[in-house]
Amino acid sequence: MKVLNRKTLVMLLVAILLVLGACSSNSNNSGTSNATNNPNNSTESPSPSTSTDEPVTLTMLVSGAKAAEGEDFELETLPRLVREKFPNVTLEVQKLPDEQYYTTVKTKLGAGEGPDIFLVFPKLANMGAIEVAKAGYAADLSELSFWDRVSQAAKNDMSYDGKPYAVAKGMDILGTFYNKDLFEQAGITEVPTDWPSFLDASEKLKAAGITPIVMGDKDPWVIQFGMYQLAANSVYPSDPEFDNKLQTGETELTDEKWIKTLNQYKELYDKGYVVSGSLGMASAQAIQQFVDGKAAMIFTGTWDLPGVTASGASEFERGFFSLPGNDANQPVYASASTAAGYALNAKSANLDVAKQVFEYLYDAESPLFEAWVASNPSISVFSGVELQHDIFQNVLSEIQSSGNAFYFSNQMWPAGVSDVMQSKFAEIIGGKNTTAEDVAKAMQDKYKELYKE
Amino acid sequence: MNSAVMKKTMYFFVLPALLFYCIFWIFPILKLFQYSVTDYNGYVQNFNYVGFNNFKTLFQEEVLVTSIKNTLVYTAITVILGNIIALLLALLLNANIRAKGFYRSAFYIPTLFSAIVVGFIWSYVYMPQEGLIASFLAKIGLTNWDTNFLGSYSKALYSIIAVDIWKNIGTSVIIFLAGLQTVPHELLEAGKIDGAGKWKLFRFITLPMLATSVTINITLSVINGLKAFDFPFIMTNGGPGISTNTLIYAMYKMAFTDQLFGKASALGIISFAIIIAITIVCVLTLNKKEVSA
């Protein structure tokens, strides 16, 4: 009797294990079969059953904050318009703050539960197109039909091995938003066009009792916003291949060009042009200070337009210019880069449907494309789309006519180098005895630790 | 062979639970040891074994020492200061004062909010020039005080700790209050008759009777301090620089920003060792004290 009992128990356990095992291998099988099938099915001939009849749910994970007023494009407009065009497709969108986005999307992709559509950044950046493509998570989009309308630069920045993996939302420009009324009040008649005249303007503002620059350095990433604009002038014009040489070890971040850049940015803090106590202020608080008319300038990018144009305690006209890091008599270079863009999950079971959604989204005639353009603060990289925001007109035409622009430096660095730059530079802001050389050395050390061929 | 208490076969019923425990708890922990000697980046599945390189780089970097030091300071202050304040509050709230219930709930309310909300609110309180503290100081004419709490290398860590104490004090107070209810009146009365003053009553009667509450509170705050993450994450991003990095925060940064899961796992093992050591010391000393009391 006892023996039998033990036997039954053991058999029961074995049975449980088998069931568990079967479950997991089942799901594995279905996962792999889908993934292998998909490349064979081209977009033009999707199996009709999935495209028209069966209800399909697509998941989408993006980063950012919900629109403060009106309809949010990704959370509301997009799912609604997709529904109208494809009645069987439900699009579930989740929007997360940047930091959480990176962790969530990576965890999901790594666990094989990635969203069907997700946001990818250009080149080597964190969640950059190159690493996502290399890891096999993003689907090759070269067969989609709209590429002839996308600017070559935007396509290249999202490509790996010559194949595009994401469609950029547009082009982003780093710049200096400024308060025209306060500039006038301080007697500044012209927008500064070189480094000496920028320092001069800041001095005038300071002398007039106006805080020249407000930065929310408690969110350390904002340090990049001024820094990359300076690097576009002090590092790349004399050596456009700098970052490629960095990869081969031909040059290092401790090069005098970067020391110059870091010292330029340091000068703004040393001379007291940046609001004191900036390390205790969050970026949202800094934007509020700008909007309330308490400071004349703030460094950020085109994406912050809704924030800096929100109404605050003071009414004034806003302007936008590239922070001129150039020496006198040299042209200004802008810091402009391809913005993040949507990519498709290569392992998604609904890749074909997702591709159809993409075709519709980027079809110049579709109402969805129109809504996308209207809601997008970035400058469109699609041909035939007019500039939506006049404030960027000057800088943009300058870039278009002269071609004087370089990308954001961190797009060619492994994620993590910019963090070291921020935390080391914060020591300078905090009044420690750190020098530009110390910052550059820490950046180079991190680069060496993280960069892998 | 046959046990009088339980049949041996009954042990089989533990197996399913044990199985789940192993799969979801023990296995991931062992995985941590494996990752610590690799260059795994968190999501590309083919990685290389790099020996003890991760540990070597960690020991060369500033961040290890800073984060260990910060974690220890964080823990020490929350444990000592947090519990002393909590005990004082509990004694006050146990006294016969008016609207006792109101005060008791008032001190417990911060505990109910999530750390995110508390951190967010306090970063506005601490804001330089415009924040609640800064504008209050300006109102009463103290304009030359440095009000850059979160942005200063010397003050940021302590400012965060203060918020942590403020938020978590409610829990400790409740435990102390509950403990105070168990102090028998007879003992206090006997003490009074014997001519003991207020301090002696507290030192020789109340405090020993509270030994269990003290153990619970200290253990809880040690755990809370050692795994400090929320407030550095929400209020300072570990900054300025790396001055408010705690062990867990540094680990998170390494894993998710630098994408060095291998190195983060190595740091995980180091902190695992530290936390185990501290916990053992704590539990052993407190247990002894409790028995003798």
Side-chain angles (χ1 to χ4, degrees), chain A residues 2 5-6 9-10 12-13 16-17 20 99 102-103 105-111 126 131-132 134-137 217-221 275-282 285 288-289 292 294 414-420 422-432 434 442 445-446 449-450 452, chain B residues 2 7-13 15-16 19 23 39 41-46 48 53 57 60-63 120 123-124 126-131 134 146-156 159 233 235-243 245 252-261 263:
Chain A
K2 224 180 88 190
N5 263 346
R6 197 172 285 176
L9 272 169
V10 169
L12 209 94
L13 266 169
I16 290 172
L17 281 176
L20 281 176
E99 285 275 315
Y102 291 127
T103 43
V105 79
K106 280 180 193 167
T107 318
K108 286 192 167 193
L109 287 171
N126 198 356
E131 69 166 315
V132 182
K134 248 190 205 170
Y137 292 130
D217 292 326
K218 187 154 83 65
D219 292 331
W221 58 85
V275 64
S276 68
S278 65
L279 280 176
M281 200 186 288
Q285 294 167 340
Q288 193 58 45
Q289 297 266 305
D292 286 344
K294 288 183 178 152
V417 176
S418 56
D419 281 87
V420 168
Q422 294 156 19
S423 61
K424 243 359 203 180
F425 195 84
E427 291 180 7
I428 293 181
I429 303 175
K432 291 207 163 184
T434 314
D445 289 349
K446 197 68 182 181
E449 183 189 355
L450 295 176
K452 290 190 192 80
Chain B
N2 268 335
K7 278 188 187 161
K8 279 266 165 62
T9 44
M10 294 299 224
Y11 282 111
F12 281 110
F13 286 102
L15 272 176
L19 199 72
I23 292 175
D39 62 356
N41 76 350
Y43 68 104
V44 177
Q45 294 300 332
N46 47 348
N48 310 308
N53 276 355
T57 23
Q60 282 159 4
E61 280 179 350
E62 202 187 340
V63 67
F120 195 73
S123 52
Y124 273 88
Y126 279 146
M127 199 172 144
Q129 279 127 36
E130 309 277 324
D146 179 17
T147 53
N148 191 6
F149 297 98
L150 295 177
S152 129
Y153 277 82
S154 50
K155 278 185 287 206
S159 310
F233 178 69
M235 295 176 67
T236 58
N237 287 302
I242 53 168
S243 63
N245 267 234
Y252 164 83
K253 253 319 202 211
M254 239 171 243
F256 293 105
T257 312
D258 293 1
Q259 296 182 30
L260 296 169
F261 265 64
K263 196 173 157 199

Under 3.5 Å: donor-acceptor pair, side chain of K218(A), backbone of G151(B): no
Residue part contacting chain B, namely of F425(A), when any heavy atom lies under 4.5 Å: neither
Closest heavy-atom pair and its distance - P240(B), A426(A): C-CB, 4.3 Å
Close side-chain approach of N126(A) and Q259(B), heavy atoms under 4.5 Å: yes
Under 4.5 Å from any heavy atom of chain B - which part of D219(A): both
Side chain, backbone, both or neither of Y124(B) within contact of chain A (heavy atoms, under 4.5 Å): both
Reported CG-to-CG distance for the pair D419(A) and N237(B), which is rounded to 0.5 angstrom: 9.5 Å
Chain A contacts, top residue of F149(B), Y126(B), Y252(B) (heavy-atom pairs, under 4.5 Å): Y252(B)
Euclidean distance, K424(A) NZ relative to I242(B) CD1, rounded to 0.5 Å: 7.0 Å
Side chain / backbone / both / neither for V275(A) at chain B, heavy atoms under 4.5 Å: side chain
Top contributor to chain B contacts, counting heavy-atom pairs under 4.5 Å, from Q422(A), K446(A), K432(A), M281(A): K432(A)
Separation between CG of L279(A) and OH of Y153(B), rounded to the nearest 0.5 Å: 6.5 Å
Interatomic spacing from CE in M127(B) to CD in Q289(A) - rounded to 0.5 Å: 4.5 Å
Part of T434(A) within contact of chain B (heavy atom distance under 4.5 Å): neither
Choice from G277(A), G416(A), S278(A), G110(A) maximising heavy atom contacts with chain B below 4.5 Å: G277(A)
Residue S123(B) versus chain A: region with a heavy atom under 4.5 Å: both
